[in-house]
Amino acid sequence: MTNEKLLLLDGNSLAYRAFFALPPLTNQHGIHTNAVYGFTMMLDKIIAEEQPTKILVAFDAGKKTFRHTTFTDYKGGRQKTPPELSEQFPYIRKLIDAYGIARYELDMYEADDIIGTLAKEAEEKQLNVVIVSGDKDLTQLVTNSTTVYITRKGMTDLDVYTPAFVAEKYGLTPAQIIDMKGLMGDASDNIPGVPGVGEKTAIKLLTAYGTVEAVYENIDSVSGAKLKEKLIANEQQAYMSKQLATIHTAAPITITIDDLAYAGVNGEELRAIYQELGFKKLLDKTEFADVEEEPKSDIQYSVVTDVNALPFEAAVHVELASDNYHTSDVLGMAIASNEGIQYIPVEAMNSDVVRQWLEDDMAIKYVTDRKAAQAALARIDLPLEGVAFDLLLATYIVNPSLSGDDVATLVAEFDYRDVESNDDVYGKGAKRAIPSQDDVAKHASRKAFAVWTLRDAIEARLHENAQYDLYYDLELPLARILGHMETAGITVSKDTLQAMGDELRERLQKIEAAIYDAAGEQFNINSPKQLGVILFDKLGLPVIKKTKTGYSTAADVLDKLKGEHAIIEHILLYRQLAKLQSTYIEGLIKEIHDDGKVHTRFQQALTSTGRLSSVEPNLQNIPIRLEEGRKIRQAFVPSHPDWYLFAADYSQIELRVLAHMCQDPALVEAFNTGMDIHTRTAMDVFHVGADEVDANMRRTAKAVNFGIVYGISDYGLSQNLSIPRQEAAEFIERYLKSFPGVQQYMDIVVKQAKVNGYVTTMLNRRRYLPDINNKNFNIRSFAERTAMNMPIQGSAADIIKKAMIDMDVRLRAEGLQSTLLLQVHDELIFEGPKEEMDVLARIVPEVMEQAVKLSVPLKVDVSYGKSWYDAK
DNA sequence: AGATTCACG
DNA sequence: ACGTACGTGAATCTA
């Protein structure tokens, strides 16, 4: 063997695969690009992984091949190549050239034959060969030194066919693949085979006899009268089919392996093609880092250390050293206005002029991220008032799926390119560093100037979409409230957590020992891979579910294995406790600041539904469902000795929102009469009276209600309830019969999504659904479920946000000391002195229930206690 | 960096 | 026929 490795690619097949695997993408000129894109991704990956020394992409030449002389209908009945794909072939050829890769096609022969011929030559010269195609026919070429990769669903996902893999998959040798095709045919190539013989039968016959010829030689001993009859009737057709499926390994090609040396990419050519096709991500890749950066236009700013006067209207950007504004250093502040751009380094910010300007709400400020600026400034004792525009929130409202939090990306959505990305300025990962003050000043100035320039256009978009109120009256004021909540923080008792941690550690050690004992060896329990080997290989437990990478060991799988082996219960308990230990004990302790509190950041411009998210730490997923975990909440305490934590949560807000939006009479009635909604659903689904609903029926009904909210599917419900799909389908059908308004509403929402390309919430929040008309069933179905879920989840989010704003006003009006600390999607957590608890118990439900007027009542439950655990 | 698992609503 | 429930974040392992 040599070190040479030959890579042979089936150009046509891969282009087809890419075309159908990827959503239709077009570039700025309306040219379709998905096949080229998929092809590029696959090529990149395979070259990086295989490091071939020689490469060839083979193409089919024309319509006619030598196979048509044998069988005129070869590949007959095939759909014509869609024009959207045809137009991409020239680009694929150009791309291959730019990559420095040889390509070849030969009249009357298919790409398969070119590949087969070269593979054979390589075999003789003892080269390693890798063949990549979307067509399984090629697997007949597999040998010990020739491997065939077949694309799976994605473009970069590949099945690796070795002799062993073929043997495992079919129980056949690679050469027998041809015989298999001869017997079973191939619908896609219109190879007939023997009618009535499929893969199973073909494999059975070949296992017994070896080849097609041998099958006919021993035709008398073939079992099954029907089968024998079919085989005899189609003998000639079987031979012909085998011949058609056989790859020609002696095609009269005019190139040799020596012509295929991989030259390496021509950066400039490739760049030109990417540019033409609009492949922005690929353009940004490092290989081009030296090929000239898109020049940012120059910007004029002055670094001011002695601030005299500041404008009445300006764009302001507070530049931070890292993205956690609760811990990050403030580097400085850029102010862009009619009077030009000033950059004030942090040392100069704490002056009377600056302070007065920041707290003057008559001095109008347009910012990039109000909450971040407010929180960061608060830490150096500076206020921030008079904010009239927030770039982050405005772009999020325009389109929640696009916005990240880097100003460069945000403004790029409006075709503004004169801001450098934070990664470019600071570097990423280990290379991250603060550049010179001048570079920071320039970067911050560009951001401020971008906001100054774009505000009008973005506000115009908000007005166009009738979303200005949502932005200005809801999100913008909310940012200020969230900022105060974050800055206030919530006290977490480190001692309590540590005590829990000590106890957990001991228990975990014992469980660990029990697991090793049951397994008969030590291994890393935290490694799903190692655990899989123990459970399914060593202990031989039945495999219930597989993941991309191997056996699934998820909790629902382990649950089903509970009776099979004592180790399962130990593992489940270990997982549960290890999760508490690492995430909620150790993780949370790390997040406690010097003030004894955790200061989460509520990401306000992240989710596609309008919900908030919470990070560093995430306080929206503190355990509650299991008692062991729930105890973590004992560590969350008020910030003053005699204070209490107060919790208020909406009851069934999503189903109430659904009732309001679909106006189904039965559903509206159920809420108006104050019935338990799951019991009511059970009555309808099971056709029983209220007193006949047992716990199990109610549980099922509850799952059905969840399903409705998530965008119902029988399969999903069946999984959740561990029942047959048919049974789940029946529940759904009966539900929708009982609540026909729901069915009608879901139909309308999906139809709207298909027509408009987006769905909306009660307060006109939008989510675009580009996949809603996708040809792929799975992708389209996902978009449809999203269409059904988003207005419900999103409207509930709208409502609680409105309630938070109203609550803020009310707390001040009542002159209370109590403050809001957390929001957990449908609940609000406050803290306050004991004597205010009764007042809160009165006013919080009132405000939350009146946040919006629905055709069903909103219901809020409240509680309070000396810790979050006790507020239940 | 991506996959897996599991915590919440 | 297709094969997933909706929305999140953190820890850990593996490549």
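Values below: all heavy atoms of this structure, side chains included; hydrogens, waters and symmetry mates excluded. Every chain is numbered from 1 and lettered A, B, ... according to where its sequence line falls, protein lines coming before strand lines.
- Within 4.0 Å of A:I622, counting heavy atoms only, lie sugar-phosphate atoms of the nucleic acid but no base atom.
- Geometric assessment of A:R785 against the ring of A:Y710 yields a negative cation-pi assignment under the 6.0 Å and 45° thresholds.
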Would you check, one step at a time, whether the test salt bridge (Lys or Arg N to Asp or Glu O under 4.0 Å) holds for A:D186 with A:K136? CA-CA 10 Å; A:D186 184 340; A:K136 290 198 180 111; over 6 Å; no
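- Put simply, A:S713 has no side-chain N or O that comes within less than 4.0 Å of OP1 or OP2 on C:dT4.
- Residue-level contact check: A:E586 touches neither bases nor backbone, having no heavy atom under 4.0 Å from any strand.
- Heavy atoms of A:F782 sit under 4.0 angstrom from primed sugar atoms or phosphate atoms, though from no base atom.
- With P as the reference atom, C:dA5 and B:dT5 are 13 Å apart, rounded to whole Å.
- Seen from the ring of A:Y715, A:R725 does not count as a face-on cation partner, given the 6.0 Å and 45° thresholds.
- Residue-level contact check: A:S781 touches neither bases nor backbone, having no heavy atom under 4.0 Å from any strand.
- Backbone-only contact: A:I624 has heavy atoms under 4.0 Å from sugar-phosphate atoms and none from a base.
- The interatomic distance linking A:R575 (CZ) with C:dT12 (P) rounds to 13 Å, in whole Å.
- If you check distances only, the side chain of A:R725 does reach the base of C:dG3 with a donor-acceptor pair under 3.5 Å.
- Taking the 5.5 Å centre cut-off and the 30° plane limit, the aromatic side chain of A:Y710 is classed as stacked on C:dC6.
- Taking a 6.0 Å sphere around NZ of A:K45, one finds it holds more than 12 heavy atoms contributed by other residues, nucleotides or ligands.
- Across all strands shown, C:dC2 has no partner, as no Watson-Crick or G-U wobble contact with both distances under 3.5 Å is found.
- Of all heavy-atom pairs between A:A753 and A:L769, the closest is CB-CD1, 4.1 Å.
- Within the structure, a side-chain polar atom (N or O) of A:N524 is placed less than 4.0 Å from OP1 or OP2 of C:dC13.
- Of the inter-residue distances, the one linking A:W868 atom CH2 with A:L645 atom CG reads 9.0 Å to the nearest 0.5 angstrom.
- A:M746 places its CE atom 18 Å from the P atom of C:dA5, with the value rounded to the nearest Å.
- The side chain of A:S608 approaches C:dT8 more closely than any other nucleotide in the set C:dG9, C:dT8, C:dA5.
- The side chain of A:Q530 places an N or O atom within less than 4.0 Å of a non-bridging phosphate oxygen (OP1 or OP2) of C:dT14.
- Listed nucleotides: C:dT12, C:dA15, C:dA10. Nearest to the side chain of A:S582: C:dT12.
- Ring centroids of A:F739 and A:Y735 are separated by less than 6.0 Å, placing the two rings close together.
- At C:dT14, one or more side-chain N or O atoms of A:S527 fall inside 4.0 Å of OP1 or OP2 (strictly under the cut-off).
- With both ends at atom P, the span from C:dC2 to B:dC6 equals 29 Å, rounded to whole Å.
- Backbone-only engagement by A:E616 is indicated by non-hydrogen atom pairs under 4.0 Å involving sugar-phosphate atoms exclusively.
- Across the strands present, C:dC13 finds its partner in B:dG2; the criterion is a Watson-Crick or G-U wobble pair with both atom distances under 3.5 angstrom.
- At least one side-chain nitrogen or oxygen of A:R785 sits closer than 4.0 Å to the OP1 or OP2 atom of C:dC6.
- Here A:R625 lies in heavy-atom contact (under 4.0 Å) with a base.
- Chain A approaches DNA chain B within less than 4.0 angstrom (heavy atoms of the protein), and the contacting nucleotides run 5' to 3' from B:dA3 to B:dG9.
- A:N324 and A:S322 form no side-chain donor-acceptor contact under 3.5 Å, judged by distance and modelled atom types alone.
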